[in-house]
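Protein chains get the first letters and strands the later ones, always in sequence-line order, with residue 1 at the start of each. Since the model is a prediction, treat every value here as computed from it, not as a measurement.
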Protein chains: 2
Amino acid sequence: MSRSPVPTLQDLALHLGVHKSTVSRAMDAERRHLVAAELLQRIEAAARELGYRPNHAASALSRGRSKTVGVLLPDITNPVFPPILRGIEDALDEEGYFALLANTSRPDNSVDAAQVAVERMQAQRVEGFLVATATRDDAWLDSLRQSGARIVLINRTDGRGHLPAVISDDMLGMRLAVDHLVGLGHKKIAHLAGPETLSTGLARRLGFEQAMREHGLGAKAIACADAYSVESGEIAMHALLSKRSKTQFTAVVAANDLLALGGLQALKLAGLSVPSDVSVVGHNDMQLLDQVNPPLSSVRIQHYEMGFRAARLLIDALRERPGSQEATVVLRPQLVLRASTTVPISSPT
Amino acid sequence: MSRSPVPTLQDLALHLGVHKSTVSRAMDAERRHLVAAELLQRIEAAARELGYRPNHAASALSRGRSKTVGVLLPDITNPVFPPILRGIEDALDEEGYFALLANTSRPDNSVDAAQVAVERMQAQRVEGFLVATATRDDAWLDSLRQSGARIVLINRTDGRGHLPAVISDDMLGMRLAVDHLVGLGHKKIAHLAGPETLSTGLARRLGFEQAMREHGLGAKAIACADAYSVESGEIAMHALLSKRSKTQFTAVVAANDLLALGGLQALKLAGLSVPSDVSVVGHNDMQLLDQVNPPLSSVRIQHYEMGFRAARLLIDALRERPGSQEATVVLRPQLVLRASTTVPISSPT
DNA sequence: TTGTAGGCGTTATCAA
DNA sequence: TTGATAACGCCTACAA
């Protein structure tokens with residue numbers, strides 16, 4: 001039968017007694033119309049029969065497009081990223097692209113993990129990058145940009161706004177949370193802030209402060225967690241509680257659900273109950289938040305949509321569709337109310 | 001300077017006044033020693049200077065190896081898969097491989113999503129497949145196998161054991177749960193089973209039944225959920241409760257944490273408290289299980305390890321390292337005790 | 001130790 | 001509408 005395990009265009013051509021470039025044309029939707037209808041039929045039949053599979057590497061080499069993009073994220077194990085990735089892949093899939101994924105946060109040499117990943121991706125000739133690594137130290141990102149790579153950021157912007165990005169309106173998210181609590185009657189509201197090295201940590205803290213200002217309230221009670229984790233949230237909440245006699249807060253807005261969860265534990269330990277003593281609002285609305293006790297109110301972010309839109313933006317840019325080039329898309333978050341917020345107690349214990 | 005945006009071996013060779021095959025050799029760790037030390041230095045310097053990046057498509061075409069494997073899973077959004085994927089990628093990374101990912105469960109044409117994905121991957125000339133789609137209807141898998149593709153299954157085996165796989169010992173997992181409950185004094189134990197169409201659903205149910213048999217206990221109270229979801233768990237638990245006057249169970253083992261969570265809700269609704277009225281054990285030990293109320297005991301599965309080992313197995317097979325060829329690796333689960341189990345009440349209400 | 005020649009499978013550009 | 005030819009960038013003989 002066929003000499004190689006998987007037949008090539010040449011094999012097909014030989015089999016049919018036509019030239020391989022004719023077969024090549026028949027395989028390409030864009031140029032198929034140049035082939036006689038009857039021949040086209042025969043070619044397609046033969047392709048099916050012999051089990052022809054296009055060789056992507058050859059095509060990539062020949063036309064210089066790999067139909068592949070690099071995706072950089074810290075750790076797919078972090079629950080915010082799966083929906084983002086799913087969105088990315090669904091969008092890529094529609095256009096016949098594949099994602100090459102790299103988890104850049106590694107236990108060992110976390111420093112240049114991103115660098116190394118980028119280089120491997122460049123060897124694969126990815127056509128662009130989707131960067132969701134959310135950290136604000138972007139030395140490698142800068143050099144990547146300067147090398148002329150196409151980049152779309154996800155869930156954060158670069159300092160100077162040079163790069164297109166798809167982000168959530170973090171300021172608005174915090175405003176929604178604060179507005180809700182103020183609407184319930186809270187005046188002393190604390191903030192469990194995320195690390196300032198992360199753009200979300202910073203933006204949400206600023207959003208909190210601004211929202212409080214808009215209501216004419218002070219934003220004194222702020223504790224910064226040094227990571228988005230339950231443990232850090234618990235520690236930060238302890239810090240907040242130690243000053244509570246001064247600040248007298250009756251509600252807490254956390255920069256992240258994990259922090260809120262940690263905060264919940266610290267509150268319980270301190271003998272305070274949620275929401276009757278202290279109301280709590282999280283951020284991200286990650287899965288299973290409705291299963292904790294009490295079910296946690298949270299600011300929901302459109303993770304899937306972020307990924308999807310970012311991938312579309314990148315692909316459009318690769319096609320040089322004008323107008324989508326330098327865009328930054330800002331998605332609206334939404335407050336999801338559950339059982340962790342209520343009217344404030346008359347006076348804090 | 002260089003004529004193309006990214007220089008090729010040829011460009012480097014010209015720049016240095018040597019032949020491109022010499023440069024090629026210098027770039028390959030395996031053949032670097034064939035190049036004069038001093039020349040090697042110059043080549044490396046020039047490569048850095050001109051910003052040379054190997055073109056993967058070209059080398060893939062030339063040597064017929066894409067350094068790429070396909071990963072099929074239902075949905076990265078399902079919390080069991082991120083650690084598996086992370087394990088896969090860490091293992092692939094070590095060997096310079098990339099994963100091409102496909103989420104095969106799609107809202108629309110879920111039937112042949114896997115087929116389509118496989119074909120796209122074959123066009124990319126993936127060297128093998130890691131299949132974690134856990135469903136037991138494997139028509140496409142069969143044909144894939146027969147086409148001679150290298151495959152390693154994750155978290156399930158095929159019916160006839162034709163394919164190497166990395167799985168968790170589901171029977172043992174259930175035994176751990178049952179042993180624990182029996183040790184506490186429970187005799188009437190119910191099972192919240194998963195869908196029988198999934199290998200894990202079936203295996204865990206069988207494991208449950210066998211474990212009960214070993215203790216001389218009957219396994220009558222079993223309700224099958226039709227999906228691994230909180231809602232299905234709640235429904236199945238309602239079914240169990242409706243017969244409770246007959247079965248009088250004092251403990252429940254769930255095939256999955258989500259089912260257990262749904263079960264928890266149904267129990268609460270029925271006015272039963274966990275663990276004082278009914279003990280509950282989940283399965284998978286997914287994240288945040290320690291945050292629910294009460295913190296759920298669960299059978300922990302080595303997800304990351306499953307992914308890592310499976311990827312290694314595949315790579316080894318690709319290298320035809322003997323002995324690793326047809327292996328099936330069975331990993332041991334572990335019971336993680338939290339607050340959802342205790343001694344049975346003297347007589348069920 | 002280095003150079004030469006040919007090919008991997010596809011696409012692009014002409015020419016017929 | 002089809003065929004011929006030459007890339008694409010790298011690798012692998014083999015020759016020097």
Notebook entry, point to check: Heavy atoms under 4.0 Å, any strand shown: does B:Arg65 hit a base, just sugar-phosphate, or nothing?
Noted result: nothing
Next item on the list: Would you indicate what B:Leu9 reaches in the nucleic acid, counting non-hydrogen atoms under 4.0 angstrom: base, sugar-phosphate, or nothing?
Entry: sugar-phosphate
Notebook entry, point to check: Nearest-Å distance, CG (B:Asp11) to P (D:dG9)?
Noted result: 8 Å
Check: OP1 or OP2 of C:dG3 less than 4.0 angstrom from a side-chain nitrogen or oxygen of B:Thr22, does that happen here?
Finding: yes
Notebook entry, point to check: Do A:Leu73 and A:Val131 come within less than 4.5 Å of each other through their side chains, counting heavy atoms only?
Noted result: no
Check: Over how many whole Å does the gap from A:Met27 atom CE to C:dT11 atom C1' extend?
Finding: 14 Å
Item checked: Distance in angstrom units between B:Leu14 CG and C:dG3 P, rounded -> 12 Å
Item checked: Distance-only donor-acceptor test, A:Arg25 side-chain atoms vs D:dG3 base atoms, 3.5 Å -> yes
Next item on the list: Would you indicate which nucleotide in C:dG7, D:dT2, C:dA12 comes nearest to any side-chain atom of B:Ser62?
Entry: C:dG7
Next item on the list: Would you mind telling me which of C:dG9, D:dT2, C:dT11 lies closest to the side-chain atoms of A:Asn55?
Entry: C:dG9
Notebook entry, point to check: Using rotation axes that map the C1' atoms of four end pairs onto the next four (five pairs an end), what angle separates the end axes of the helix from C:dT1-D:dA16 to C:dA16-D:dT1, to 10°?
Noted result: 40°
Check: Which nucleotide in the list C:dT2, C:dG7, C:dA12 gets nearest to the side chain of A:Arg31?
Finding: C:dA12
Notebook entry, point to check: Hey, are the side chains of B:Met27 and B:Ile43 touching, using non-hydrogen atoms and a 4.5 Å cut-off?
Noted result: yes
Notebook entry, point to check: Got a donor-acceptor pair under 3.5 Å from the side chain of B:Ser21 to the base of C:dT4?
Noted result: yes
Notebook entry, point to check: Can you find a donor-acceptor N/O pair under 3.5 angstrom joining the side chain of A:Ser59 to the base of C:dT10?
Noted result: no
Margin query: Does atom CD (B:Gln146) have a neighbourhood of more than 12 heavy atoms from anything else shown, all under 6.0 Å?
Written below: yes
Check: With nearest nucleotides of DNA chain C determined for B:Ala37 and B:Arg125 from heavy-atom distances, which residue corresponds to the more 5′ nucleotide?
Finding: B:Ala37
Margin query: Measuring to OP1 and OP2 of D:dC11, would you say a side-chain N or O of B:Ser24 lies under 4.0 angstrom away?
Written below: yes
Item checked: Exceeds 12 heavy-atom contacts within 6.0 angstrom, atom CZ of B:Arg125 -> yes
Item checked: For A:Pro82 against B:Pro82, the heavy-atom pair lying closest together -> CG-CG, 3.7 Å
Notebook entry, point to check: C:dT10 C1' sits how many Å from A:Arg32 CZ, rounded?
Noted result: 16 Å
Next item on the list: Check every atom of D:dC10, C:dG3, D:dT5 against the side chain of B:His19 and return the nucleotide holding the closest atom.
Entry: C:dG3
Next item on the list: Using whole Å, report how far CG of B:Leu61 lies from P of D:dA7.
Entry: 17 Å
Next item on the list: Whole angstrom is fine here: how far is it from CD in B:Gln124 over to C1' in C:dT10?
Entry: 14 Å
Note to self: Of the options C:dT4, C:dG9, C:dT2, whose atoms approach the side-chain atoms of B:Leu39 most closely?
What the structure shows: C:dT2
Margin query: Could you tell me how far apart A:Arg63 (CZ) and D:dG9 (P) are, to the nearest whole angstrom?
Written below: 15 Å
Notebook entry, point to check: Is B:Arg86 atom CZ crowded by more than 12 heavy atoms from other residues, nucleotides or ligands, each under 6.0 Å away?
Noted result: yes
Next item on the list: Select one nucleotide: of D:dG3, D:dC8, C:dT1, the one nearest the side-chain heavy atoms of A:Val18.
Entry: D:dG3
Notebook entry, point to check: Is the closest basic N to carboxylate O distance between B:Lys67 and B:Glu95 below 4.0 Å?
Noted result: no
Notebook entry, point to check: What's the NZ-C1' distance between B:Lys20 and C:dT4, to the nearest Å?
Noted result: 10 Å
Notebook entry, point to check: Is the shortest heavy-atom distance from the side chain of A:Arg65 to the side chain of A:Tyr97 under 4.5 Å?
Noted result: yes
